[in-house]
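Along the sequence shown, the residues carry numbers beginning at 1. Keep in mind the model is a prediction, meaning the values are calculated, not measured.
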Amino acid sequence: MQKTVKDYIRTIPDFPHEGILFRDVTTLFADARGFRMAIDQLLHPYAGARIDKVVGLEARGFILGGAIAHQLTKGFVPIRKKGKLPGRTIAQGYTLEYGEAVMEVHEDAIAPGEKVLIVDDLLATGGTCEAGIKLCERLGAEVVGCAFVIDLPELGGRRLLERLGMKVHVLCEFEGA
């Protein structure tokens, strides 16, 4: 039987807090076949689409986004936690399950009118991706899609992003939070 992307992802109970089932993609990244499968499947819906830049959300989105940008021969733009980028940035606050945070992007990373694909490993509540979308749109970009390895549907992130008009692509789902 052929393995799926989901087969390469391990679950670690009680991390980072008791009662949480952490979906660990490092086991997917460490397996050459699994990693290639994930990148190919994340790219598939965008074959032939105009994409000028791939945007990766900190931190595992950098790994996926970098590989996708390489495959597409496009530039890569990191969206990072506040205070991590050295140049002039714009910032966007957002709410997490357990508090608030701020993401930043270099103000010259994306030109007005560019089409971008936003990539991350996990879609939970959608707050991080929503902040990324807002940052890209404030720079004048058009977000053509949001791609994730994992969706946790019970947390409602996909519904949030779709209400924002985003096309959402996920490779697998896990139940629970």
Side-chain angles (χ1 to χ4, degrees), residues 1-11 22-80 85 103 105-106 108-153 155-174:
M1 183 173 201
Q2 188 164 349
K3 284 180 113 174
T4 67
V5 167
K6 190 172 185 176
D7 296 325
Y8 291 96
I9 299 165
R10 74 176 158 194
T11 298
F22 185 82
R23 308 309 178 170
D24 182 16
V25 294
T26 63
T27 49
L28 170 69
F29 296 166
D31 187 283
R33 285 193 174 137
F35 189 48
R36 174 161 295 282
M37 180 189 308
I39 297 305
D40 290 348
Q41 289 178 12
L42 286 167
L43 276 169
H44 182 74
Y46 308 102
R50 180 181 152 212
I51 296 173
D52 300 303
K53 300 259 174 72
V54 177
V55 173
L57 302 176
E58 186 162 331
R60 291 170 295 275
F62 297 170
I63 297 163
L64 296 162
I68 290 169
H70 172 77
Q71 286 294 101
L72 294 174
T73 315
K74 300 297 178 185
F76 173 77
V77 175
I79 291 186
R80 300 214 55 193
L85 292 171
M103 299 293 276
V105 66
H106 281 128
D108 61 355
I110 300 168
E114 285 190 313
K115 295 183 183 297
V116 301
L117 172 63
I118 297 178
V119 180
D120 204 359
D121 67 320
L122 179 81
L123 177 58
T125 65
T128 304
C129 190
E130 180 183 20
I133 291 165
K134 288 179 178 178
L135 286 168
C136 292
E137 289 177 343
R138 284 172 53 199
L139 292 175
E142 178 188 333
V143 179
V144 299
C146 303
F148 305 90
V149 174
I150 301 167
D151 182 18
L152 302 177
L155 297 180
R158 183 182 195 124
R159 287 187 303 275
L160 169 71
L161 299 180
E162 288 174 343
R163 279 196 309 270
L164 296 173
M166 294 295 122
K167 292 179 183 156
V168 178
H169 174 56
V170 298
L171 302 188
C172 64
E173 295 180 350
F174 284 92

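- Not one N or O on the side chain of T125 forms a donor-acceptor pair closer than 3.5 Å with the backbone of L155.
- Atom CD1 of I39 sits about 10.5 Å away from atom NE2 of H70, to the nearest 0.5 Å.
- Note that the NZ atom of K6 and the CD1 atom of I150 stand 9.0 Å from one another [nearest 0.5 Å].
- With rounding to the nearest 0.5 angstrom, the CD atom of E130 is 4.5 Å from the CG atom of L160.
- The shortest distance between side-chain heavy atoms of F174 and I9 falls below 4.5 Å.
- For the atom pair M103 CE and L57 CG, the distance stands at 5.5 Å (nearest 0.5 Å).
- A donor-acceptor contact shorter than 3.5 Å links the side chain of D7 to the backbone of T4.
- When all heavy atoms of Y46 and G145 are compared, the closest pair comes out as OH-CA, 4.0 Å.
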Q | Full working for side chain to side chain contact (heavy atoms under 4.5 Å, CB included) between L72 and V54 | A | CA-CA 9 Å; L72 294 174; V54 177; 4.1 Å; yes
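- Here CZ of F62 is found 9.0 Å from CD1 of I79. Values are rounded to the nearest 0.5 Å.
- Heavy atoms from other residues, nucleotides or ligands lying under 6.0 Å from CZ of R138 number more than 12.
- Judged by distance alone, with hydrogens and angles left aside, the side-chain atoms of H169 form a donor-acceptor pair with the main-chain N or O of Q41 at under 3.5 Å.
- No side-chain donor-acceptor contact under 3.5 Å links D120 to the backbone of F148.
- Nearest heavy atoms, Q71 versus R36: NE2-NH1, 4.0 Å.
- Annotation for F35 and A67: closest pair CZ-CB, 4.0 Å, computed over non-hydrogen atoms.
- Counting heavy-atom neighbours within 6.0 Å of R33 CZ, excluding the residue itself, gives a total of 12 or less.
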Q.
Using side chain to side chain contact (heavy atoms under 4.5 Å, CB included), reason through L42 and L117 one step at a time and then give a plain yes or no.
A. CA-CA 10 Å; L42 286 167; L117 172 63; over 6 Å; no
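- A pairwise comparison of heavy atoms in C136 and V143 identifies CB-CG2, 4.0 Å as the closest pair.
- Across K74 and D52, no two heavy atoms sit closer than the pair CB-O, 3.7 Å.
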Q: For the pair I110 and V55, evaluate side chain to side chain contact (heavy atoms under 4.5 Å, CB included) and give the outcome as yes or no after the intermediate values.
A: CA-CA 9 Å; I110 300 168; V55 173; 4.1 Å; yes
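- Listed by first then second residue, pairs satisfying salt bridge (charged side-chain N to carboxylate O under 4.0 Å, His left out) with a partner in residues 160-173 read R158-E162, not counting sequence neighbours.
- How far CZ of R159 is from CG of L164: 13.0 Å, rounded to the nearest 0.5 Å.
- Using a 4.5 Å heavy-atom threshold, the side chains of F76 and I68 count as separate.
- Side-chain contact between V25 and I63 is absent, with no heavy atoms from C-beta onward closer than 4.5 Å.
- At distances below 3.5 Å, not a single donor-acceptor pair connects side-chain atoms of K53 with backbone N or O atoms of A111.
- Evaluation of the salt bridge (charged side-chain N to carboxylate O under 4.0 Å, His left out) test over residues 55-73, restricted to residues two or more places apart or in two chains, returns E58-R80, R60-D121.
- Summarising the geometry of V119 relative to G65, their closest heavy-atom pair is CG1-N, 4.0 Å, with the distance given to 0.1 Å.
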